[in-house]
Amino acid sequence: MLSEKRVLVGMSGGVDSSAVCLMLIEQGYQPVGVTMRMWDAPSKFSIYNQDEPDYIVEARVLAQKLGFPHHVLDVRREFRAEVVQDFLDEYMGGRTPNPCVMCNLFFKWKYLLEMADKLDCHWIATGHYAKVKEENGIKYIEQGVDSTKDQSYFLWRLGQKELSRTLFPLGGLSKVEVKDYVIRHGFREKAQKSESMEVCFVEKDYRDFLREQIPDIDHRIGEGSFVDTQGRRLGKHKGFPYYTIGQRKGLEIALGYPAFVIKINPQKNIIMLGRKEDVFACQMSVSQVQVANLYDLSHPELKVRIRYRSQPISCRVRSVGEHQLLVDFTEEASAVTPGQSAVFYINERVVGGGIIDNPSELKRILKKE
RNA sequence: UGUCCCAUGGUGUAAUGGUAGCACAGCAGAUUUUGGUUCUGUUAGUCUGGGUUCGAAUCCUUGUGGGACAA
């Protein structure tokens with residue numbers, strides 16, 4: 001039996017995970033720190049020839065100060081092979097991935113739970129702005145109180161197994177309160193550090209990252225055509241992986257009105273452009289669906305979020321196969337993007353999610369009906 | 001070959017003798033735990049030479065380039 005007092009804390013070295021450690025101690029838990037080394041981005045090393053990224057050093061220093069053990073889990077190879085490879089494959093297939101969604105379940109929680117077992121910790125905790133609530137014996141993710149920081153969208157893939165052992169101590173706090181809390185506990189410099197210490201592999205522009213990781217990408221794909229909604233050629237583009245649905249900036253084409261990417265055809269390397277109103281959709285199909293309680297999907301207040309930090313929109317869903325849903329929007333939905341997560345909410349609560357399909361899949365379903 | 005028309009930022013256009021403006025594109029910043037969106041700011045132009053005029057994108061003329069018609 002694992003110790004209910006011991007908590008494995010995923011520490012990124014930043015203000016959020018520091019607050020988590022402080023709070024857990026205050027609440028009587030015994031934290032054990034772990035920092036996952038996933039990707040060595042150059043910007044994470046402030047000193048030349050330093051053998052560990054800054055955030056690991058910072059996490060270890062904090063654990064020392066607070067008097068609990070700290071471990072480093074080097075998963076660089078696995079991260080490259082799973083999360084980064086999936087990211088690249090998705091773009092090469094003309095889709096727009098959510099690496100954070102992939103990373104959370106298939107990566108962070110997987111390794112955190114393994115490690116928690118080894119280190120005799122019943123709980124794992126992270127600095128995500130989200131809550132875990134239980135109803136009728138089912139654990140649900142709920143939005144964090146600070147709606148501007150809410151991260152529930154990225155967490156939809158966590159299942160009962162993960163949630164039953166997860167603590168999100170920051171879910172009831174705002175970013176400002178977290179910073180105040182950390183300052184009150186004598187870590188002013190942590191609170192003042194610039195945002196985004198989170199481990200992330202794309203430094204600036206994901207296009208540069210693609211070129212770096214797939215050196216022959218331009219040879220493999222190359223230039224293609226922009227066309228209008230009638231299929232007339234408008235100009236040329238640099239290759240479909242460099243674009244995403246709803247994109248306006250960087251198209252380098254002057255049509256007299258703002259143009260948006262409305263469709264990507266990776267087979268023909270053709271990108272369709274249109275006006276703002278052409279980006280709206282009324283339906284989508286969603287695969288890899290995961291729902292804790294199927295009844296939730298027929299709730300009248302059901303809404304779906306089709307990208308991070310956008311308003312959830314009202315919808316009706318029906319099941320069209322194993323782990324596949326057809327979603328009808330009852331409100332305006334803009335730039336439905338294949339590869340992005342569709343996360344279903346009832347008010348604050350995440351009741352499920354899935355991955356948005358290519359439009360061809362939607363067509364196939366409609367034809368079959 | 002002849003006649004006519006056109007030429008303004010990167011693109012499309014406005015300004016009929018009086019401060020060259022708009023849209024799109026570009027760039028920069030803000031925002032941001034994916035990509036995108038959004039907001040703010042900003043660069044940049046009268047095809048060439050000559051003339052008329054206080055003053056020329058605008059009128060006259062030379063050349064260059066493009067288009068239409070005629071043959």
Side-chain angles (χ1 to χ4, degrees), chain A residues 10 12-17 36 38-39 41 55 83-84 86-105 107-108 126-130 143-144 146-157 168 170 175 178 194-210 226 228 234-237 240-264 271 273-281 305-311 313 332-343 353 355-356:
Chain A
S12 64
V15 60
D16 293 332
S17 58
M36 298 174 88
M38 299 192 276
W39 187 264
Y55 63 90
V83 178
V84 175
D86 175 77
F87 177 86
L88 301 175
D89 291 345
E90 286 286 279
Y91 271 112
M92 293 306 272
R95 295 149 62 84
T96 306
N98 281 132
C100 297
V101 169
M102 293 300 293
C103 180
N104 278 336
L105 177 65
F107 220 80
K108 283 186 191 158
T126 69
H128 286 91
Y129 286 80
Q143 291 185 17
D146 188 338
S147 61
T148 62
K149 286 284 159 188
D150 167 51
Q151 289 162 327
S152 57
Y153 176 83
F154 291 116
L155 298 168
W156 67 268
R157 284 211 140 166
F168 293 131
L170 306 188
K175 187 80 186 185
V178 169
S194 70
E195 201 67 42
S196 134
M197 269 307 292
E198 194 63 24
V199 183
C200 188
F201 55 97
V202 179
E203 291 272 75
K204 302 187 294 282
D205 191 330
Y206 81 90
R207 294 159 189 91
D208 293 332
F209 186 78
L210 291 182
F226 280 131
D228 66 13
L234 296 171
K236 67 176 183 190
H237 63 74
F240 70 83
Y242 300 136
Y243 302 86
T244 185
I245 306 294
Q247 176 178 346
R248 170 181 172 185
K249 287 284 165 192
L251 302 181
E252 295 176 310
I253 188 166
L255 300 177
Y257 56 87
F260 297 83
V261 172
I262 61 175
K263 216 179 266 183
I264 293 175
I271 292 177
L273 301 182
R275 292 165 188 269
K276 182 142 193 85
E277 59 266 28
D278 298 320
V279 186
F280 296 125
R305 194 176 247 172
I306 55 174
R307 62 172 54 73
Y308 178 56
R309 257 188 5 270
S310 70
Q311 280 302 313
I313 46 189
E332 197 171 72
S334 180
V336 176
T337 309
Q340 293 282 287
S341 288
V343 182
I355 306 284
I356 300 172

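As the structure is a computational prediction, the values presented were derived from the model and not from experiment. To find a chain, count down the sequence lines: A is the first, B the second, and so on, and within it residues start at 1.
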Quiz item: Q340(A) side-chain donor-acceptor pair to U34(B) base, under 3.5 Å: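 Counting by modelled atom types and ignoring angles, a donor-acceptor contact under 3.5 Å is found here.
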Using Watson-Crick or G-U wobble geometry with both distances under 3.5 Å, which nucleotide pairs with [N]?
N	answer
A7(B)	U64(B)
U1(B)	A70(B)
U32(B)	none
G26(B)	U42(B)
U37(B)	none

message: Would R275(A) pass as a cation-pi partner of F260(A), given that its NZ or CZ must be under 6.0 Å from the six-membered ring centre and within 45 degrees of the axis?
response: no
message: Tell me if the centroids of the rings in Y242(A) and Y91(A) come within less than 6.0 Å of each other.
response: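 They do not qualify: ring centres at least 6.0 Å apart.
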- prompt: Do W39(A) and F209(A) have their ring centres less than 6.0 Å from each other?
  reply: yes
query: Would you call D16(A)-K175(A) a salt bridge at under 4.0 Å N-O?
result: yes
Let me know the distance between [atom1] of [X] and [atom2] of [N], rounded to the nearest Å.
X	N	atom1	atom2	value
I253(A)	G26(B)	CD1	P	10 Å
F260(A)	C24(B)	CZ	P	10 Å
L273(A)	A25(B)	CG	P	11 Å

- prompt: How would you label the contact of F87(A) with the nucleic acid (heavy atoms, under 4.0 Å): base, sugar-phosphate, or nothing?
  reply: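 It contacts nothing in the nucleic acid.
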task: Would you indicate what P97(A) reaches in the nucleic acid, counting non-hydrogen atoms under 4.0 angstrom: base, sugar-phosphate, or nothing?
output: base
